[in-house]
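These notes concern the structure reproduced below.
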Amino acid sequence: MELFFNPFDNLLCILLGISFTVWFTLLLVFIIVPAIFGVSFGIRRLYMKTLLKVFEWATLRIERGAKEKNHHFSCIYLDSAPEFEMSDIFYFARRGVESIMDDEVTKRFSAEELESWNLLTRSNYNFHYISLRLTVLWGLGLLIRYGFLLPLRVTLAFTGVGLLVFLTSVIGLLPNGRMKNFLSEKVHLMCYRICVRALTAIITYHDSENKPKNGGLCVANHTSPIDVIILASDGCYAMVGQIHGGLMGVIQKSMVKACPHIWFERSEVKDRHLVAKRLSDHVEDKSKLPILIFPEGTCINNTSVMMFKKGSFEIGATVYPVAIKYDPRFGDAFWNSSKFGMVNYLLRMMSSWAIVCSVWYLPPMSREEGEDAVQFANRVKAAIARQGGLVDLLWDGGLKRAKVKDTFKEEQQKLYSKMLTGGVKRLNVDKN
């Protein structure tokens, strides 16, 4: 039997081999190696400036198109002068209900509103139909994000996570000592920096002299699961969390071999005394990394800071506050866990233009004499809100999934009762 070889098949294999070689060479030279040494060529910041120019042009085009449409609609309205219909009141009724529901709490659990369009249909479904040029630009952006950026970022994410699991497992075989700690810190930093590049994250760190030190607590506002990557790419931390299964469980098991992270079983999480004991034991050892904690306990949309749980402020450690503020123009980092699963959320992040944020390291804070844990937590929260330009709220972020506690209802009922009582007295006085 004769075998026939098509020369085009060989040519296709050669071209594919060259493409993959060039692809991974570019990844190695421009992304992975700079991540290892913590350097940047400035490509991401140039990319950010270019995007801002494009967004400015798109905004001007949208404003011009909106004016033309409004003029066109006003002419139609004057010519036709439609009569009032009963169904017209539904719009106003709906707007009234929305205004009542749009309180200072519930709007913190939805995406932040943008003043201008960032060429993502997830932020506005109508803008790209205003003009042909805007539609073409939106289509080009769609091609770039899903055809080039998404495959690149997925490759980097798998590279970073794969290296983290493999290298921390290898380091875990070494005996405890300075060399193991040194290698663990270098590996964690390298892998997190690769993961940061998988999001095209452009981060500006301020006041690095206040970075958390060993034996302390790093406390930050919480917007997204990627908050961990944002902070850990600039310094090493001991993580705190519940033990998971699947891929996350594999990552946790490998990480704890190289570094003393604090993982809890599901049955242990609700035991406040056990959690406090584990945290206290960790911070008492000044050779161990600072613990990274998000006291809100849930993700808030980066417009405010909500109530800090008091548990982490009861152990008496030095607290290093950190404020994180994202720029939503390039991509909304907020994770609405009630609407999107983790995989869906990460795909949305990797198909955004970029993740741009600022991180401020605030001076360390300690509990003052006569100050209880709640007051200390509120003081730290106020400092973070002030530095990050966020609204300082007293409400519990747990309202994202739970109903308002009965204690809050009772307080409002008492306040209303006092108002009624005071009103009756005033009326009596007026009658006399």
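Counting from 1, the numbers follow the sequence of the chain as shown. Model, not experiment: these values are computed from the prediction.
Although no hydrogens or angles enter the test, the distance criterion places no donor-acceptor pair under 3.5 Å between the side chain of Lys257 and the main chain of Thr168. A donor-acceptor pair under 3.5 Å is formed between the side chain of Ser184 and the backbone N or O of Ala258. Remark: side-chain polar atoms of Trp353 are not paired, donor with acceptor, to backbone N or O of Arg145 under 3.5 angstrom. Looking at Lys309, its side chain does come within 3.5 Å of a backbone N or O of Glu296 through a donor-acceptor pair.
When all heavy atoms of Ile315 and Ser312 are compared, the closest pair comes out as CG1-O, 3.7 Å. Closest non-hydrogen pair, Phe340 versus Trp335, comes out as O-NE1, 3.0 Å. Contact between Lys381 and Val305 at its shortest, heavy atoms only, is CG-CG1, 3.4 Å. Summarising the geometry of Arg329 relative to Leu52, their closest heavy-atom pair is NH1-CD2, 3.4 Å, with the distance given to 0.1 Å. Closest approach of Trp360 and Gly388 over heavy atoms only: CZ3-CA, 4.1 Å. For Ala373 against Glu314, the heavy-atom pair with the smallest separation is CB-CG, 3.4 Å.
Residues satisfying the ring pair (Phe, Tyr, Trp, His ring centres under 6.0 Å) criterion with His282, sequence neighbours excluded, are absent altogether. Annotation: ring pair (Phe, Tyr, Trp, His ring centres under 6.0 Å) contacts of Phe294 (sequence neighbours excluded): His222. Residues meeting the ring pair (Phe, Tyr, Trp, His ring centres under 6.0 Å) test with Tyr361, sequence neighbours left out: none. For the ring pair (Phe, Tyr, Trp, His ring centres under 6.0 Å) test, residues two or more places apart in sequence or in another chain that qualify with Phe376 are Phe313.
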Checklist entry - Hey, mind stepping through Phe334 and Ser224 against side-chain contact (heavy atoms from CB on, under 4.5 Å) and telling me if it holds? => result CA-CA 5 Å; Phe334 169 58; Ser224 159; over 6 Å; no
Checklist entry - Which is it for Val219 and Phe308 under the side-chain contact (heavy atoms from CB on, under 4.5 Å) test, yes or no, and what are the steps along the way? => result CA-CA 10 Å; Val219 171; Phe308 279 6; 3.8 Å; yes
Checklist entry - Can Ile262 and Leu279 be said to form a side-chain contact (heavy atoms from CB on, under 4.5 Å), step by step? => result CA-CA 8 Å; Ile262 305 173; Leu279 295 179; 3.9 Å; yes
Checklist entry - Does the pair Cys259 and Leu289 meet the rule for a side-chain contact (heavy atoms from CB on, under 4.5 Å), with working shown? => result CA-CA 9 Å; Cys259 180; Leu289 296 174; 3.4 Å; yes
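No side-chain heavy atom of Ile226 sits under 4.5 Å from any side-chain heavy atom of Val228. Under the 4.5 Å side-chain criterion, counting only non-hydrogen atoms from C-beta, Val250 is in contact with Val165. Residues Gln387 and Lys325 have side chains not in contact (no heavy-atom distance under 4.5 Å, counting atoms from C-beta outward). In this structure, the side chains of Leu292 and Val240 stay at 4.5 Å or more apart for every pair of heavy atoms. Here the side chains of Met342 and Pro225 are in contact, with some heavy-atom distance below 4.5 Å. The shortest distance between side-chain heavy atoms of Met255 and Leu164 falls below 4.5 Å. Side-chain atoms of Met365 and Pro321, non-hydrogen and from C-beta on, do get closer than 4.5 Å to each other. By the 4.5 Å heavy-atom criterion applied to side chains, Val322 and Leu231 are counted as neighbours.
A distance of 5.5 Å separates CD1 in Ile324 from CG in Asn221, rounded to the nearest 0.5 Å. Atoms NZ and OG, on Lys253 and Ser169 in that order, are 11.0 Å from each other to the nearest 0.5 Å. Atoms CE and CZ, on Met350 and Arg348 in that order, are 14.0 Å from each other to the nearest 0.5 Å. Atom CG of Leu189 is separated from atom OG of Ser233 by 8.0 Å, given to the nearest 0.5 angstrom. Between the CZ atom in Arg367 and the CG atom in Asp372 there is a gap of 6.5 Å [rounded to 0.5 Å]. The distance from the CG atom of Leu167 to the CE atom of Met190 is 5.0 Å, given to the nearest 0.5 Å.
Ring-plane geometry between Trp263 and His261 is classed as parallel, the angle between the planes falling under 30 degrees on a 0 to 90 degree scale with a further cut at 60.
For Lys180, the NZ atom sits in a packed shell: over 12 heavy atoms of surrounding residues, nucleotides or ligands are nearer than 6.0 Å. No more than 12 heavy-atom neighbours from other residues, nucleotides or ligands sit within 6.0 angstrom of NZ on Lys53.
For residues 206-216, there are no side chain to side chain donor-acceptor pair (under 3.5 Å) pairs, not counting sequence neighbours. Identified under the ring pair (Phe, Tyr, Trp, His ring centres under 6.0 Å) test for residues 165-187, with sequence neighbours left out: none.
In this model, a donor atom of one side chain and an acceptor atom of the other lie less than 3.5 Å apart for Thr200 and Arg153. Checking Tyr205 against Ser358 by side-chain atom types alone, no donor-acceptor pair falls below 3.5 Å.
For the side-chain contact (heavy atoms from CB on, under 4.5 Å) test with Tyr326, the passing option among Asn301, Val356, Thr223 is Thr223; the others fail.
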